[in-house]
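Throughout, numbering of the chain's residues begins at 1 and tracks the sequence. Scope of the values below: all heavy atoms of this structure, side chains included, with no hydrogens, waters or symmetry mates.
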Amino acid sequence: MTASGSGLDPHISPAAALYQVARVARVRKLDPAVVRQLVERHIEGRSLGFLGEPRVNVLALNLALDKR
């Protein structure tokens with residue numbers, strides 16, 4: 001997975017993370033279903049239930065992928 005365009009924000013949108021599933025699975029030699037499942041587990045909701053947008057913490061997701 002990759003960081004935001006600025007490289008400063010550790011989050012990307014769930015859509016951006018899901019878009020990269022096939023590529024990440026191929027590079028890491030993992031089943032795409034496993035990568036998709038990890039992405040879905042790392043989707044964080046809105047802050048306080050209403051602020052911002054759902055997001056994926058790229059660092060946490062990469063650490064989970066490294067454990068595979």
Side-chain angles (χ1 to χ4, degrees):
M1 299 289 149
T2 60
S4 69
S6 68
L8 300 175
D9 186 358
H11 297 89
I12 60 174
S13 72
L18 291 168
Y19 179 78
Q20 298 180 65
V21 164
R23 181 183 61 81
V24 171
R26 184 177 61 253
V27 169
R28 290 182 175 257
K29 297 177 176 60
L30 295 171
D31 182 344
V34 170
V35 176
R36 176 179 285 278
Q37 188 177 55
L38 284 171
V39 168
E40 290 172 355
R41 276 196 231 150
H42 285 84
I43 295 174
E44 300 173 357
R46 300 171 189 265
S47 299
L48 301 174
F50 66 94
L51 294 174
E53 295 297 322
R55 62 211 173 271
V56 175
N57 184 312
V58 175
L59 175 60
L61 178 56
N62 278 330
L63 291 172
L65 286 165
D66 288 345
K67 290 180 182 179
R68 290 291 174 160

Problem - Min side-chain heavy-atom separation N57-H42 under 4.5 Å - result: no

Practice task
Determine the minimum heavy-atom distance between R46 and R55, stating which atoms define it.
Solution key: CA-NH1, 4.0 Å

Handout entry: Exercise: identify the closest heavy-atom pair between A17 and V39
Key = CB-CG1, 3.7 Å

Exercise for the section: Might you point out which heavy atoms bring P14 and P54 nearest each other, and give the distance in Å? Expected result: CD-O, 3.3 Å

Practice task
Measure the spacing between CD of Q20 and CD1 of I12 and express it to the nearest 0.5 Å.
Solution key: 5.0 Å

Exercise for the section: Apply salt bridge (Lys or Arg N to Asp or Glu O under 4.0 Å) to D31 and R36, showing your working. Expected result: CA-CA 9 Å; D31 182 344; R36 176 179 285 278; over 6 Å; no

Handout entry: Validation row: D66, R28 side chains within 4.5 angstrom (heavy atoms)
Key = yes

Exercise for the section: For V24 and L65, work out which heavy atoms get closest and say how close. Expected result: CG1-CD1, 4.0 Å

